[in-house]
Amino acid sequence: MAPSHQAKSSKSARGLLTGLAVGACLVMGLGAANAQAPAKRPPAAPQATPQVAPQAAPQAVPGFWDPRRRPERPDLSRLTVIRFLTETDYPPFNYTGADGNPAGFNVDLARSLCEEIKLTCTVQMRRFETLVDALSSNRGDAIIASMAVSPQLRARVDFTDPYYRVPARFASRKDAVMPEIRPEYLEGKKVGAIAGSAHEAYLKAMFTDAELHPYPNDDAMRAALRKGEVDFIFGDAISLAFWINGTDSGDCCAFSGGPFVESRFFGEGIGIAVRKGNDVLRQALNWALFRVWEKGRYTDLWLRYFSVSPF
């Protein structure tokens, strides 16, 4: 189930979505997780709406907050309104709803945060590449657009704590699913990855005995798996989850093994950006994020948009 968000290097680079000590955990029996977002956000899911095929098994919901590190309620008296900026076309995170209004996971999360803080909020949709400039020129107060935290962006904006991360995962044909994947298990196996991606770099560093097959794009890589030209493919788990459970896969494939989360390759996470030095708003959003998660509203929202777990 994100980005680039190095001020979006480019949408074509989004496929790159054990790192931060945020104490990430998974509820609903998944166990502890420290999934990280890639340095670049993943490609938007092909669906224009968040509906996906249902899973037979209960969904595992990631939680990226440590219940032992509850933030104190900040002084909210100086906040009167929050003007959120988001992207125009990045389903299921951001898209235009049937009524013409902003919709998607990020939009609904922004509205939940405003309800928690008890403030009026607006959501304005803009092209991704214009978001940071719009924030810097005071045309908005916060960017909630699946923006991946990076050193380059930290020089221009401040970020909240991560509110989601995108792990990397292997996919295989359904008749060859492996419950666990280690480097030694893939010795001599053909593994596909996008050429030049963080996922390819990770395979070169960690899975040195696998036979690496680079592909120019997701479509070519996934087609190779469907045809049996490779044994596995390795990519960002959110876009893979939508593909596996969508019509394009032909019901061929499934995840193998669990998530890979090495922050050196897959980044720090996805945060909400605010103007440099706006600690009042940043702290208010961090507090509200924790509260929304603690009350179970984040879980409800995640299940609404991601009925297929990328974890």
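Heavy-atom basis, side chains included; hydrogens, waters and symmetry copies ignored.
When each of L225, L240, I233, N245 is tested with C253 by the rule side-chain contact (heavy atoms from CB on, under 4.5 Å), just one qualifies, namely L225. Of the residues Y305, W65, F290, Y164, the one that meets the ring-ring contact (aromatic ring centres under 6.0 Å, His included) test with Y298 is W65. The side-chain contact (heavy atoms from CB on, under 4.5 Å) test with V274 is passed by exactly one of D141, V280, L285: L285.
Annotation: the span from L109 atom CG to Y163 atom OH amounts to 6.5 Å, rounded to 0.5 Å. With values rounded to the nearest 0.5 angstrom, L113 atom CG is found 11.0 Å from L119 atom CG. Note that the CD1 atom of I82 and the CD1 atom of I117 stand 4.0 Å from one another [nearest 0.5 Å]. How far CD1 of I270 is from CG of D161: 13.5 Å, rounded to the nearest 0.5 Å. One distance of note links CG of N94 with OG1 of T88; it measures 8.5 Å at 0.5 Å rounding. Atom CG of L203 is separated from atom CZ of F232 by 11.5 Å, given to the nearest 0.5 angstrom.
For F234 and F260, the distance between ring centers is under 6.0 angstrom. The six-membered or imidazole ring of Y90 lies away from that of F105, with a centre-to-centre distance of 6.0 Å or more. Checked against the 6.0 Å centroid criterion, the rings of F306 and F93 qualify as a close aromatic pair.
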Could you check V107 against T86 for side-chain contact (heavy atoms from CB on, under 4.5 Å), going step by step and ending with a plain yes or no?
CA-CA 8 Å; V107 175; T86 195; 4.3 Å; yes

Stepwise side chain to side chain donor-acceptor pair (under 3.5 Å) test for N138 and R83
CA-CA 10 Å; N138 198 30; R83 298 170 298 162; 2.9 Å; yes

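Taking the charged nitrogens against the carboxylate oxygens, E116 and R111 have no contact shorter than 4.0 Å, which rules out a salt bridge. Ion pairing between D251 and K174 holds under the 4.0 Å rule for side-chain N and carboxylate O. Classification of K276 and D158 as a salt-bridged pair holds, one side-chain N sitting under 4.0 Å from a carboxylate O. A salt bridge between D108 and R304 is present, with a side-chain N of the basic residue lying under 4.0 Å from a carboxylate O of the acidic one. Using a 4.0 Å cut-off between a side-chain N of Lys or Arg and a carboxylate O of Asp or Glu, K189 and E187 do not qualify as a salt bridge. A salt bridge is defined here as a Lys NZ or Arg NE, NH1 or NH2 lying under 4.0 Å from an Asp or Glu carboxylate O, and R297 with D300 fails to meet this definition.
No side-chain donor-acceptor contact under 3.5 Å links R291 and N286. Defined by atom type and a distance below 3.5 Å, a donor-acceptor pair is present between the side-chain atoms of N101 and D99. A side-chain donor from one of S239 and D236 sits under 3.5 Å from a side-chain acceptor of the other.
The minimum heavy-atom distance linking P67 with W293 is given by the pair CD-CH2, 3.9 Å. Looking at every heavy atom in both residues, L212 comes nearest to A193 through CD1-CB, 4.2 Å. Considering all non-hydrogen atoms of both residues, P151 and E268 come closest at CD-OE2, 4.3 Å. Among all heavy-atom pairs drawn from C121 and F84, the shortest one is SG-CE1, 4.0 Å. Of all non-hydrogen atoms in S249 and G246, the two that sit nearest each other are OG-O, 3.2 Å. The two residues M221 and Y215 have their closest heavy-atom pair at CA-CG, 3.8 Å.
The hydrophobic clustering, which links ILVMFWY residues whose side-chain heavy atoms are closer than 4.5 Å, places I144 and M125 apart. Linking Ile, Leu, Val, Met, Phe, Trp and Tyr residues whenever their side-chain heavy atoms come within less than 4.5 Å leaves V177 and F207 in two separate clusters.
With a 4.5 Å cut-off on side-chain heavy atoms, Y185 and E180 count as touching. Using a 4.5 Å heavy-atom cutoff, the side chains of R156 and L135 are not in contact. Between L153 and M147 there is a side-chain heavy-atom pair separated by less than 4.5 Å. Looking at heavy atoms from C-beta onward, S146 lies in side-chain contact with N106 at the 4.5 angstrom threshold. At least one side-chain heavy atom of L76 sits under 4.5 Å from a side-chain heavy atom of W287. Taking 4.5 Å as the limit, every side-chain heavy atom of V191 sits out of range of all side-chain heavy atoms of V230.
At distances below 3.5 Å, at least one donor-acceptor pair connects side-chain atoms of R226 with backbone N or O atoms of D248. T130 places no side-chain N or O within 3.5 Å of a backbone atom of R126 that could act as its donor or acceptor partner. The backbone N or O of W243 sits nowhere less than 3.5 Å from a side-chain atom of R222 that would complete a donor-acceptor pair. A donor-acceptor contact shorter than 3.5 Å links the side chain of D231 to the backbone of K190.
Heavy atoms of other residues, nucleotides or ligands lying less than 6.0 angstrom from CZ of R139 number more than 12.
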